[in-house]
Amino acid sequence: MSVYITTEPANRIVDGITPDWIHPHLIQSTDPIKGRQFRVSGPIPKGACLLVDRPYAIIPVDENPDNLICSYPACNRPARNPERNPCPNACLPDVIWCSSTCRVADQVRHGFECTWLKRYAGPIRSKWSEYDFGMLWVIVRLLAMRHSQLHKLSAASGDASVQQLKHGWEGIDSLCGSSDTWSHDKVRLWSTLVKKYLQSSSAFPHDMGIDRVLHLICQEEANSFGLYPRETGHFPVPKPPVDRGEQYAAAVYPTAAIANHSCSPNIIHKADEKGRMVFTASRDIFPGEECCISYFDLTQYNDLKSRRDHLRKSFLFVCQCQRCVSEEPVEEETEWDALPMMESL
Ligand SMILES: [Zn+2]
Ligand SMILES: [Zn+2]
Ligand SMILES: [Zn+2]
């Protein structure tokens, strides 16, 4: 049994956060090398749902209008119906609501991002890249969500609902990732983008300094999820292999971000129709075992070298999962042994 199992109540994995569903046996613990991780305190049968986590910020990344999602965080459903509503201020075609009800309910949150989108989306997309735009928009939506929660908080008359309204930001605050996680080139680029586009101004007022916003990018880049139409992480890879499909959104989840990677994961993950990240046990899991997801599509990288190459480039760590270690060639020292072990996500 692991000595790292905590005694925290399972439904309060991070203070102030309650995901929509968390299995009573799923707990957060800390590993001296990997940092935060999920473990189970009791047996979990294959097929059990372990976690349903609402996104704190989500953006569509697919230009196909059929794949746009409702911008209202309490909804986030696909918005392909004829009643869907665009923004009256025409800030961005990607911003859509599935109904006028959702649009009206989302006024405070969207109001925070609307002027920013109208002013900067075009210039950022043409001067930088679609990726950079998506990254900055996720940051703006993180701040917009926090803004709308603080707004509701000040409107609420101090009661039990206050705790509910705080959902999530503590989880965003505690995400791993810092400027030390990333290369100097990347941090320099992000620093430029923050100064140019994310500083507090009359059009984009917020209470965070440049350094805190830069830190938020370092956290977001280490923790965001892609959303795909099919599951990620089936292992062994089915034959013939079925990939997870084209990415349609990107999101940050306060609790799901705790999961570490394995190339032979015991959890599959996929977002549901409301954009919530769902973790499902892909085999029986025994008490004390760590619960891992796969950070990439296992059908795309098969052999040890391609998996470790991909993880090192995209996630900056050398994978030491059971599968990778078991596939290492015996005796001869590999080039990986010479690299320092990096903390995983
Ligand atoms: Zn909606
Ligand atoms: Zn707008
Ligand atoms: Zn691995």
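The first residue of the sequence shown is numbered 1, and numbering continues consecutively from there. Keep in mind that what you see is a predicted model, and the values were worked out from it rather than measured.
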* Less than 4.0 Å between a side-chain N and a carboxylate O, is that true for Asp20 and Arg54? -> yes
* side chain to side chain donor-acceptor pair (under 3.5 Å) with Asp106: which residues, sequence neighbours excluded? -> Trp97, Arg109
* Kindly give the heavy-atom pair with the smallest separation between Arg39 and Ser29, and that separation in Å. => CD-OG, 3.4 Å
* Output all residues satisfying salt bridge (Lys or Arg N to Asp or Glu O under 4.0 Å) with Glu130, sequence neighbours left out; order by chain, then residue number. => Arg125
* Asked: Taking C-beta and beyond as the side chain, do Ile58 and Leu227 meet within less than 4.5 Å on heavy atoms?
  -> yes
* **Counterpart residues, side-chain contact (heavy atoms from CB on, under 4.5 Å), relative to Arg77 (two or more places apart)** => Cys75, Lys274
* To do: Could you please spell out the steps behind the side-chain contact (heavy atoms from CB on, under 4.5 Å) verdict for Ser262 and Gln322?
  => CA-CA 8 Å; Ser262 166; Gln322 248 175 11; over 6 Å; no
* Structure fact -> With sequence neighbours left out, the residues meeting side-chain contact (heavy atoms from CB on, under 4.5 Å) with Ser282 are Ile268
* Residue pair His234 / Pro238: nearest heavy atoms and the distance that separates them -> CB-CD, 4.0 Å
* Structure fact -> Residues at least two apart in sequence or cross-chain that pass salt bridge (Lys or Arg N to Asp or Glu O under 4.0 Å) with Arg84, listed by chain then number, are none
* Structure fact -> Smallest heavy-atom separation, Arg141 atom then Ile59 atom, equals CD-CG2, 3.9 Å
* **Heavy-atom side-chain proximity of Leu198 to Trp116 below 4.5 angstrom** => yes
* Structure fact -> Sorted by chain and number, sequence neighbours left out, ring-ring contact (aromatic ring centres under 6.0 Å, His included) with Phe296 holds for His261, Tyr301, His310
* **Closest non-hydrogen atom pair between Cys176 and Ala222, with its separation** => O-CB, 4.1 Å
* Can you find a heavy atom in the side chain of Asn64 that is under 4.5 Å from one in the side chain of Tyr248? -> no
* Anything under 30° is parallel, anything over 60° is perpendicular, the rest tilted; go ahead and classify His23 against Trp21. => perpendicular
* **Heavy-atom check, side chain of Val278 versus side chain of Leu51, under 4.5 Å** => no
* Structure fact -> Sequence neighbours excluded, the answer for salt bridge (Lys or Arg N to Asp or Glu O under 4.0 Å) partners of Glu231 is none
* If you draw a 6.0 Å radius around CD in Gln300, do more than 12 non-hydrogen atoms from other residues or ligands fall strictly inside? -> yes
* To do: Check the pair Arg323, Leu298 against side-chain contact (heavy atoms from CB on, under 4.5 Å), reporting the backbone distance first and the verdict last.
  => CA-CA 12 Å; Arg323 183 179 169 202; Leu298 289 168; 4.0 Å; yes
* Just jot down the side-chain contact (heavy atoms from CB on, under 4.5 Å) partners of Thr101, sequence neighbours excluded, or say none. => Ser99
* Asked: Do the non-hydrogen side-chain atoms of Glu328 and Leu304 ever get within less than 4.5 Å of each other?
  -> yes
* Side chains of Asn266 and Ile44: closer than 4.5 Å at any heavy-atom pair? -> no
* Would you call Arg103 and Pro88 a side-chain contact if the rule is heavy atoms closer than 4.5 Å? -> yes
* To do: Go through the steps to decide whether Ile139 and Val213 satisfy the test side-chain contact (heavy atoms from CB on, under 4.5 Å), and finish with yes or no.
  => CA-CA 8 Å; Ile139 299 298; Val213 179; 4.1 Å; yes
* Following the transitive rule for hydrophobic clusters with a side-chain heavy-atom cut-off under 4.5 Å over Ile, Leu, Val, Met, Phe, Trp and Tyr, establish whether Val242 and Tyr228 coincide in one cluster. => no
* Any donor-acceptor N or O pair under 3.5 Å, side chains Tyr56, Glu220 -> no
* Just wondering, more than 12 heavy atoms not from Glu327 lying within 6.0 Å of its CD? -> yes
* Minimum-distance pair of heavy atoms, taken over all atoms of Pro55 and Ala251 -> CB-CB, 4.0 Å
* Asked: With sequence neighbours excluded, what pairs up with Thr115 under the side-chain contact (heavy atoms from CB on, under 4.5 Å) test?
  -> Ala203
* Who pairs with Phe133 by ring-ring contact (aromatic ring centres under 6.0 Å, His included), at least two apart in sequence or on another chain? -> Trp137
* Asked: Name the one of Tyr197, Tyr120, Trp128, Tyr131 that satisfies side chain to side chain contact (heavy atoms under 4.5 Å, CB included) with Leu136?
  -> Tyr197
* Structure fact -> For Asp185, the salt bridge (Lys or Arg N to Asp or Glu O under 4.0 Å) test, sequence neighbours excluded, returns Arg188
* Stepwise salt bridge (charged side-chain N to carboxylate O under 4.0 Å, His left out) test for Lys186 and Glu221 -> CA-CA 11 Å; Lys186 276 202 166 138; Glu221 285 296 286; over 6 Å; no
* Determine the minimum heavy-atom distance between Met135 and Leu193, stating which atoms define it. => CE-CD1, 4.0 Å
* To do: Please confirm whether Phe225 and His269 have ring centers closer than 6.0 angstrom.
  => yes
* Would you mind checking if Asp207 and Arg146 are paired as a salt bridge, meaning a charged N to carboxylate O distance below 4.0 Å? => yes
* Nearest 0.5 Å, what's the NZ-CG distance between Lys270 and Asp272? -> 7.5 Å
* Asked: Should Ser178 and His215 count as side-chain neighbours, where that means a heavy-atom distance under 4.5 Å?
  -> yes
* **Those residues that, when tested against His206, pass ring-ring contact (aromatic ring centres under 6.0 Å, His included) (two or more places apart)** => Phe204
